[in-house]
Amino acid sequence: PAGRTSRAAAPIVVKLGTIAPEGTTWYNSLRIMADRWNQLSGGRVTVKIYAGAVLGNEGAMVRKMRIGQIHAAAMTNLGILDIDPAPQVINTPMLIRSYEELDFVMDRMTPTFDARLLERGFIALNWGEAGWARLFSKKPVRGPADASGVKIYAWDGDANAVEVFRKAGFSPVVLASTDVLPSLQSGLVEAFPAPPLAALSMQWFALAPNMLDVPWAPLVGGTVITRAMWDQIPAELHAPLLQAARELGEGLKNDVRSQDRKAVPVMQKYGLQVVQVDAATQAQWETRARSLYPYIRAKVVPTDIFDMTQASVEEYRTTH
Amino acid sequence: MPPENPTGPGPVLGAVLRAERGLSVVLLGAMVVLTLAGAVARWVTGQGVAGLSVYVQSMNLWIALAGASLAARAGRHLALSSGSLLERRPRLARITRGLAAAVSTAVTALLAWASVELVVAERASHVTLAGGIPVWLVECALPLGFLVMAFRLAWHGSTTWKGRVAALLAVGLAASMALIPPHLRGVASTAGIVVILAAVALGAPLFTALGGIAMLLFFGEPVPTPISSVPAETYAMVASPTLPTIPLFTLAGYLLAEGGASKRLVRLFQAWVGWIPGGTAAAAVLVCAFFTTFTGASGVTILALGGLLLPILMKAGYPERFAIGLLTASGSIGLLFPPSLTVILYGVVANVAIDDLYLAGLVPGVLLVLLLAGAGLAASLVHRTPRPRFDPRDALSALWAARWEVPIPFLIIGGIFGGFMTILEAAALTAAYAFVSEVVVHRDLSLRTDVPRLFAETATIVGGVLVVLGMALGFTNYLVDAEIPMHAAHWVQAHVESRLAFILLLNGFLLVVGCLMDVFSAIVVVVPLIAPMGLAFGLDPLHLGIIFLANLELGYLTPPVGMNLFLASFRFNRPLVAIYRTAVPFLLVLGLGVVLIAYVPALTTSTVEMVRRGEEAPPSSDEVRRMLEADEPPAPGLPSAGDLMQEL
Ligand code: NA
Ligand code: NA
C-alpha cells in the first residue's frame, strides 16, 4: 500500500498544446482550466500549456498526441478533422442557421462525437467554436453569380474543402496558410472564408476588405485529451475534472461568440465594408449551399452522421 | 560518380544504390513537373489542383532521406573534419574514425527505431493525401532512410571488420538504454551526450549530434518523453510549403553552373561591372540579396548561386578564400526586403503591420548590403584586382551570349509579383527553364550522362542539408517541450533592468538562436516571448522586429552551426572548419551593421514615420484585444448572424 500511495502521489503532468497565443481569451480560459485541475486534484495533476503554435500546426499537435509527446490539445475544426471527420458536419454551409440551432444540434450530436473520439483514442473535454465563417473578398461578392471565377483560398490540407468551393462556384486556389497574405497581396488569391474574429486577428481582412454578410458556417472546435493520459489520472478525479473543463468550455464558447460579433465593427473602423444582401439573394445562397449537401454527405462526413445532424436540425425547426 | 567502395557494393547494396539514384532522378523530376502542371492547370482552368502541394512536400521528405543516404555512402555528411589534424598518426586516426563511426551508427539506428514508432502511431490516423495515400506511408521514408544510413555509416566508417563489429556493439549498447530505470535516466542521458559530443569532435556527422542529443534529452526528462518526438518534428518539414524550393533551386543552380552558364555569366559580369573597383563583388552581393528576398532565409541562395558566382569572383581576381567568405555571408543578405517571407511571418506572429515592417527594414537592409559591398571594394583595392576597360561592343555581345540566362530573374520576379505563381512554382519554373536552356538549347549537358549525375548530386547535397535541418527541428522541439526559451524569458524579466542591457542580451541570445534554429522555428518559438519584453523595455515593435531579423541573419553565419556555413561547406565542397575561417571577417563586418541597427533606432523608425505621417496606424494586437473584450455592446447598425437569421 505504501508503494501505491507514493505512486498515486507522483504528480501527473498533462502537456496541452494550442495555436492560441498567450493573453487571448482562449488561452486565458485554458489557463483557468489548468489551475482548476490542479486545485481539484490536490496538486496531483499539473497542466503545462504550450501556446501560440510553438508545437507546430494542429496536424502536428495531433501527431504529437499520438506518439505521446503531448497529451492534450485545444483545437479548431482543422485539428479535430485529423482525429475524426464526423464533427465537420457542423461546418456544412448554411445547414445550421443560428446559435440556438447550433446549441440544440450540438446537444444532440455530442454523445455521438464523443463516442467516435473515444474509439480513436481521445476523450473530448469540451466542445466549442472558432466562430462563424463568412466570405471576405477584394471585390464585393453579393450573390452566387458573383462567385464565379473568384479565386478563393483553399487550405492545402483538406482536399474535400476544395471540391466544396468548386461546387459552390468559386475557383479554389490551394495554398498553405502561410502563403495567404502574400498571395492576397499579389492577387493570386482574391477571397477567403473565415470567421470575423480570425480575419481580424490574422490581419487578412485588410487585403480583402469586403465581408459578405451571409453566415456561411459555424466552425466547431474543442479540447481533447488522449485516452492513455486520461487513464493515468485517478478515476475518482475524472468526473470533477471533466465538469470543470465543460464549464470553462461553455464560458469560452460565449466569449468567442461575442468577440466574433464585435470583430466586425472593429474591422469596420479600419476600412471593412459589410456587403448586405436582401432576402432573395440570401435564398439564392441557400439553394447553392443545399446543392453541395449530396457531395458532403457522400464524401466529406460519414453518411449516418450527416443524416443524424440534418434530422436534428429539422427537429429543432419543427419544435421551435 | 563517387569512387566505388574497395570491397565493392555487392549485388544487394548495388541494387539499393541504383534504387536511390533512380529515386532521386524520378522524385526531383516529378517535383518540377507536378508543380508546373498545377500552375498551368490553374492558369488554364482558373482553379488549383487539390492536394498537389502536399504531394510535392511529401516528395521533398523522400528526396531528403534518399539524398542523405547517398551522402552517407559518399562520406559527404557534414562533419567537423578534425581527422586532418591526425594525418601524421595514421593508427590513431583510424581508431578515432572507427569510434566516431560506431557512435554515429548507433544514433542513426536509434533514429530509425524512433521513426518506426512514429509510423506505428500514425497508422491509427485516417488522414490521407489526396487520392488516398495514407500519411504513414509517406513517413516510411524516415525509418527506411535512417536504416540504410546506419548500415552505410557502419560499413564505410571503418575499413576493418573489427570496426564494423564495434559499430554493431554500439547499436546494442544504445538499444539497451531502454532498460535503464527512470531515476537513472538523467545521468545516462548526460553521459550519452558527452559521448556524442566527443564523437562529433572526432568527425561523426553533425546530424547525429543534433538528433542524438535531442533524443537523449527527451529520454532523460523527469517524465520521459518518447524519442519518436525527434523524427516527428523532422516529418513536420512536410508541412512547409517553402522547403521544396531548396531542391528545386539547387537543381537549377547545378544545371546552370555545370552547363556553360557560368562562363557566359562571368563574361557578362566582367564586361558590365568589371571596370568598377569592387564592382564584381558588389554585383555578386546584389544578386544574392535579390535572390534571398524571394527564397526566404533558408540560405538556398548559396546552393543555387554559389556555384555560379564563385568562378565569376575568382576570374575577377579575388582570392578564393575571400570569394567563399563573401558568398557565405551573402547567403542570407536581403532577408529584410519585400517580398521576403520571413518578414511576413514575423509580422503575423508579432502582430506588426507587414508593410511597415518592410519600410522599417529598408535602411538597415541597404546598410548590410553596403557593408558587404564595401568589403568587396576593400578587397579589390588590397588585392589589386585587374580592371578591364568598359567596351560597349563587348558588353552587348556578352549580353547576347547570355540571352538565355539573363531573363531568369525577371521570370521569377514577374511571376511572383504579378500574382501568377507561388514561390514554389517559381522555383520549379526556374529548374525547368535551366534544364531547357542548358540541355536543349545550348546542349552543354548530355541527357544520358550529365543529367542523371547532376540530379543525384543535387539529391546528395539537399539530403545532407535537409537532414541537418530536420534534426535541428527535432532539437528545437526538445527546447520547446522543456520550455527552455520561456524560462530564459522569465529570467531576463527578473534580472535585466536597463534597455541597453536588454538589447545587448537580445543580440547575444539571437545570435545563438539564429545559429541553432531555422528561421521559421525561431520566429514561431522566440518572437512571442521577446515581443512583450521589448514593449516593456520601451522598444518600438518595428525596431524590435528588424533587430530580430538582422540578428538572425548574423546567426546563420556564426560558428559552429550557422546554417550558411553548412550550406557553403556543401556547395563549395570545403571542410566546415575552413569555411569558419573564411566567414569570420564577414561576421565581424556584418556584426558592426547589426550593432548600428540595434543602437540607432532612427535607422528603422524614420522611414516609417516619413511615409506614414498623418495616417492612422492599424490597431495593435493589444488594442484589438481590448476592443474585443470591452463589455459595451458592439456598434449599432450591423445585424449579427443570429439577428439576420431571426428576420428571415
Ligand atoms: Na513545427
Ligand atoms: Na519548430
Side-chain angles (χ1 to χ4, degrees), chain A residues 13 21-25 50 52-57 59-60 63-64 66-69 82 85 97-99 120-121 132 149 154 156-157 159 162-163 166 171-176 178-179 181-183 186-188 200-203 206 213 215 259 261-266 268 270 274 279 282, chain B residues 42 46-54 117-118 121-122 124-127 130 223 225-226 228-229 232-233 235-236 239 241 339 341 344-345 348 351 353-354 416-420 422 480-481 483 524-525 528 618-619 621 624-625 627-630 634-635 638-642 644-646 648:
Chain A
V13 179
E22 265 186 59
T24 54
T25 313
Y50 295 84
V54 292
L55 294 171
N57 61 20
R63 181 168 302 111
K64 284 171 182 176
R66 288 213 160 96
I67 60 173
Q69 186 194 334
D82 272 8
R97 294 187 190 165
S98 67
Y99 283 126
R120 288 158 177 77
W132 207 298
D156 64 1
V162 178
E163 203 47 43
R166 200 195 304 275
S171 298
V173 176
V174 186
L175 290 174
T178 43
D179 270 339
L181 266 176
S183 303
S186 72
L188 188 63
L200 171 62
S201 50
M202 313 259 249
Q203 294 190 15
D213 198 23
Q259 295 195 359
R261 277 180 203 206
K262 288 185 204 165
V264 176
V266 171
Q268 279 180 307
Y270 297 95
V274 177
Q282 175 89 20
Chain B
R42 194 182 59 244
Q47 301 188 340
V49 179
L52 194 68
S53 54
V54 179
E117 286 187 331
L118 172 69
E122 190 76 52
S125 166
H126 69 94
V127 182
V223 182
T225 307
S228 49
S229 308
E233 201 60 20
Y235 175 76
L341 197 64
I344 293 179
L345 193 67
V348 169
N351 222 322
I354 288 149
I416 296 173
F417 263 125
F420 301 109
T422 61
V480 170
D481 193 89
E483 300 179 292
V524 172
V525 172
S621 53
V624 166
R625 214 165 278 161
M627 285 190 273
L628 290 177
E629 281 166 11
L638 188 86
S640 68
L644 198 69
M645 302 320 305
Q646 299 292 306
L648 286 165

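These numbers were taken from a predicted model, which means no experiment stands behind them. Quick note on labels: first sequence line is chain A, next is B, and so on, each numbered from 1.
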Pairs of heavy atoms under 4.5 Å with chain A: top-ranked of Leu52(B), Leu118(B), Asp481(B): Asp481(B)
Full working for side chain to side chain contact (heavy atoms under 4.5 Å, CB included) between Ser125(B) and Asp82(A): CA-CA 7 Å; Ser125(B) 166; Asp82(A) 272 8; 5.9 Å; no
Please give me the minimum heavy-atom distance between [X] and [Y], naming the atom from each residue.
X: Arg66(A); Y: Ala121(B); answer: CD-O, 3.5 Å
X: Val480(B); Y: Tyr50(A); answer: O-CE2, 3.1 Å
X: Ala232(B); Y: Ile67(A); answer: CB-CD1, 3.7 Å

Toward chain A, the part of Thr225(B) with a non-hydrogen atom under 4.5 Å: side chain
